Q: 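Here it is, the structure, as structure tokens.
Excluded from the calculations below are hydrogen atoms, water molecules and symmetry mates; all remaining heavy atoms, backbone and side chain alike, are included. Everything quoted here is computed from the prediction, not taken from an experiment.
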Amino acid sequence: MSTHLERTRTFTAMHVPGAPVVLPNVWDVASARIVLSSGARAIATTSAGVAWSRGRRDGNDLTRDGALDAVRPIAAAVDVPFTADIERGYGETPGAVASTVSAFLELGVSGVNIEDSLRPVAEQADRIRAARQAADDAGVPLFVNARIDTHLLGVPGSDAWVEETLSRATAYARAGASGVFVLGALSAATISMLVDAIELPLNVAFGPGTLSVGDLARAGASRVSAGSAIAEAAYSVAGDWAAQMFGEQGAVVSAPPTLGWAAINEVVRD
């Protein structure tokens with residue numbers, strides 16, 4: 001069994017431009033073990049999926065304790081590097097973010113994802129600096145992934161988008177971030193530009209409307225994650241089946257689930 005420190009160093013080393021670590025984000029033990037059985041080298045949570053599974057909305061509606069309660073069994077169930085999406089840090093001050101990071105480190109995480117929600121750059125840099133200090137104090141080289149939410153500004157690639165994205169990436173790197181996550185369906189040219197301009201490993205999204213994992217890798221991404229997309233798909237299946245069962249009385253299921261009872265039962269075993 002590897003140590004927390006070894007897993008964290010291994011996770012950082014997985015971030016290679018052109019040969020990215022691929023993270024289909026999970027939200028509970030079953031989804032984590034299914035992803036592991038598909039060949040994952042590391043596990044990452046989706047804050048949205050975790051919040052929804054607890055009956056809360058995504059977007060800092062879940063409390064720190066609620067997130068810890070949800071993530072704890074997942075961390076205990078896997079023996080590969082594990083990174084947790086901690087939304088905005090579950091606190092409004094840098095000190096609160098540091099406390100959150102310390103609490104998640106106790107679970108054995110090798111990384112955290114912290115979103116900026118377009119908070120003023122200096123304020124977000126202070127929060128990232130606090131996260132880094134908490135990890136340093138614990139003696140763990142935690143991979144602090146700084147999510148940049150410039151997708152909220154409009155179509156990626158515009159002059160204003162590029163300027164704001166690079167400004168934030170530079171500030172977060174100086175504050176101690178290990179990598180940056182730029183959301184949006186990015187073109188290969190935009191990814192290549194970001195890779196050339198940002199000194200940190202670049203995390204990009206995979207899902208509806210994005211390039212393939214292979215194309216994202218060829219553009220230079222160091223990390224590819226699905227965010228909330230898989231959880232959205234899973235809950236959509238539940239909604240679709242319910243709609244059919246309450247809808248047309250002649251509706252039938254056209255095909256069995258890809259993973260049946262026996263397969264899932266086998267994967268989730270202790």
Side-chain angles (χ1 to χ4, degrees), residues 11-25 40-42 44-49 58-59 83 85-88 111-125 127-128 131 143-233:
F11 184 60
T12 296
M14 290 178 182
H15 292 74
V16 179
V21 56
V22 177
L23 300 171
N25 302 72
R41 297 183 294 151
T45 59
T46 158
S47 65
D58 187 30
T83 181
D85 187 338
I86 61 172
E87 300 194 47
R88 302 172 198 164
V112 294
N113 194 80
I114 306 176
E115 63 196 58
D116 68 8
S117 300
L118 294 186
R119 185 187 297 269
V121 177
E123 289 184 15
Q124 186 64 9
R127 297 163 73 80
I128 291 170
F143 195 99
V144 178
N145 200 35
R147 197 181 90 180
I148 299 173
D149 290 332
T150 40
H151 64 287
L152 299 172
L153 299 178
V155 179
S158 67
D159 290 345
W161 182 92
V162 170
E163 181 179 359
E164 187 67 19
T165 300
L166 295 183
S167 173
R168 288 175 178 272
T170 299
Y172 301 163
R174 290 173 179 166
S178 311
V180 295
F181 182 13
V182 180
L183 281 183
L186 307 180
S187 69
T190 297
I191 293 171
S192 296
M193 177 275 296
L194 293 174
V195 169
D196 289 340
I198 298 173
E199 62 184 86
L200 300 177
L202 177 66
N203 180 186
V204 296
F206 171 77
T210 73
L211 300 175
S212 68
V213 171
D215 285 340
L216 295 171
R218 282 184 283 275
S222 295
R223 175 168 169 169
V224 176
S225 50
S228 63
I230 297 174
E232 291 174 37

Q: Hey, are the side chains of Asn25 and Asp85 touching, using non-hydrogen atoms and a 4.5 Å cut-off?
A: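 Not in contact.
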
Q: So, using side-chain contact (heavy atoms from CB on, under 4.5 Å) as the criterion, who are the partners of Ala188 when residues are at least two apart?
A: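 With sequence neighbours excluded, Ala188 shows a side-chain contact (heavy atoms from CB on, under 4.5 Å) to Leu211, Ala219, given in chain and number order.
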
Q: How would you list, by chain and number, every residue that makes a side-chain hydrogen bond (donor to acceptor under 3.5 Å, both in side chains) with Thr46, sequence neighbours excluded?
A: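 Counting only residues at least two positions away or on another chain, Thr46 forms no side-chain hydrogen bond (donor to acceptor under 3.5 Å, both in side chains).
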
Q: Go through the structure and list residues passing salt bridge (Lys or Arg N to Asp or Glu O under 4.0 Å) with Asp58, not counting sequence neighbours.
A: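 Asp58 satisfies salt bridge (Lys or Arg N to Asp or Glu O under 4.0 Å) with no other residue.
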
Q: Please list, chain by chain and in numerical order, all residues satisfying side-chain hydrogen bond (donor to acceptor under 3.5 Å, both in side chains) with Thr45, sequence neighbours excluded.
A: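 None.
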
Q: Apply side-chain hydrogen bond (donor to acceptor under 3.5 Å, both in side chains) to Asn145 and list each qualifying residue two or more places apart in sequence or on a separate chain.
A: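 For Asn145, the residues satisfying side-chain hydrogen bond (donor to acceptor under 3.5 Å, both in side chains) (neighbours in sequence not counted) are Asn113, Asn203.
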
Q: State the CG-CG distance between Leu152 and Leu118, to the nearest 0.5 angstrom.
A: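 Atom-to-atom, Leu152:CG and Leu118:CG are 5.0 Å apart.
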
Q: Hey, could you give me each pair passing salt bridge (Lys or Arg N to Asp or Glu O under 4.0 Å) that has a residue in residues 207-220? Not counting sequence neighbours.
A: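 Residue pairs with at least one partner in residues 207-220: Asp215-Arg218.
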
Q: Holding to side-chain contact (heavy atoms from CB on, under 4.5 Å), I want the full list of residues that pass it with Ala175, two or more places apart in sequence or in another chain.
A: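 Partners of Ala175 by the side-chain contact (heavy atoms from CB on, under 4.5 Å) criterion, ordered by chain and then number, come out as Ala125, Ile128, Arg129.
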
Q: So Val204 and Val224, do their side chains get closer than 4.5 Å, heavy atoms only?
A: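 A side-chain contact exists here, since the closest heavy-atom pair is under 4.5 Å.
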
Q: Has Arg127 got a side-chain atom pairing as donor or acceptor with Ala122's backbone, closer than 3.5 angstrom?
A: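 Here the side-chain-to-backbone pair does not exist.
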
Q: Scan for salt bridge (Lys or Arg N to Asp or Glu O under 4.0 Å) pairs involving residues 168-186, sequence neighbours excluded, and state none if there are none.
A: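 Passing the test, one end in residues 168-186: Asp116-Arg168, Glu164-Arg168.
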
Q: For Ser228, enumerate each residue passing the side-chain hydrogen bond (donor to acceptor under 3.5 Å, both in side chains) test, keeping only those at least two apart in sequence or located in another chain.
A: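 With neighbours one apart ignored, the set is Glu232.
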
Q: Residues in side-chain contact (heavy atoms from CB on, under 4.5 Å) with His15, at least two apart?
A: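 Residues passing side-chain contact (heavy atoms from CB on, under 4.5 Å) with His15: Phe11, Val21, Phe143, Pro201, Ser222, Arg223.
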
Q: Is there a donor-acceptor pair under 3.5 Å between the side chain of Glu115 and the backbone N or O of Arg88?
A: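 No: the side chain of Glu115 does not pair with the backbone of Arg88.
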
Q: Just to verify, what does Val162 make a side-chain contact (heavy atoms from CB on, under 4.5 Å) with, not counting sequence neighbours?
A: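 Expected list: Leu166, Met193.
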
Q: Could you give all pairs that pass the side chain to side chain donor-acceptor pair (under 3.5 Å) test and reach residues 189-201, with sequence neighbours left out?
A: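 Checked against side chain to side chain donor-acceptor pair (under 3.5 Å) - neighbours excluded - the pairs reaching residues 189-201 are Ser187-Thr190.
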
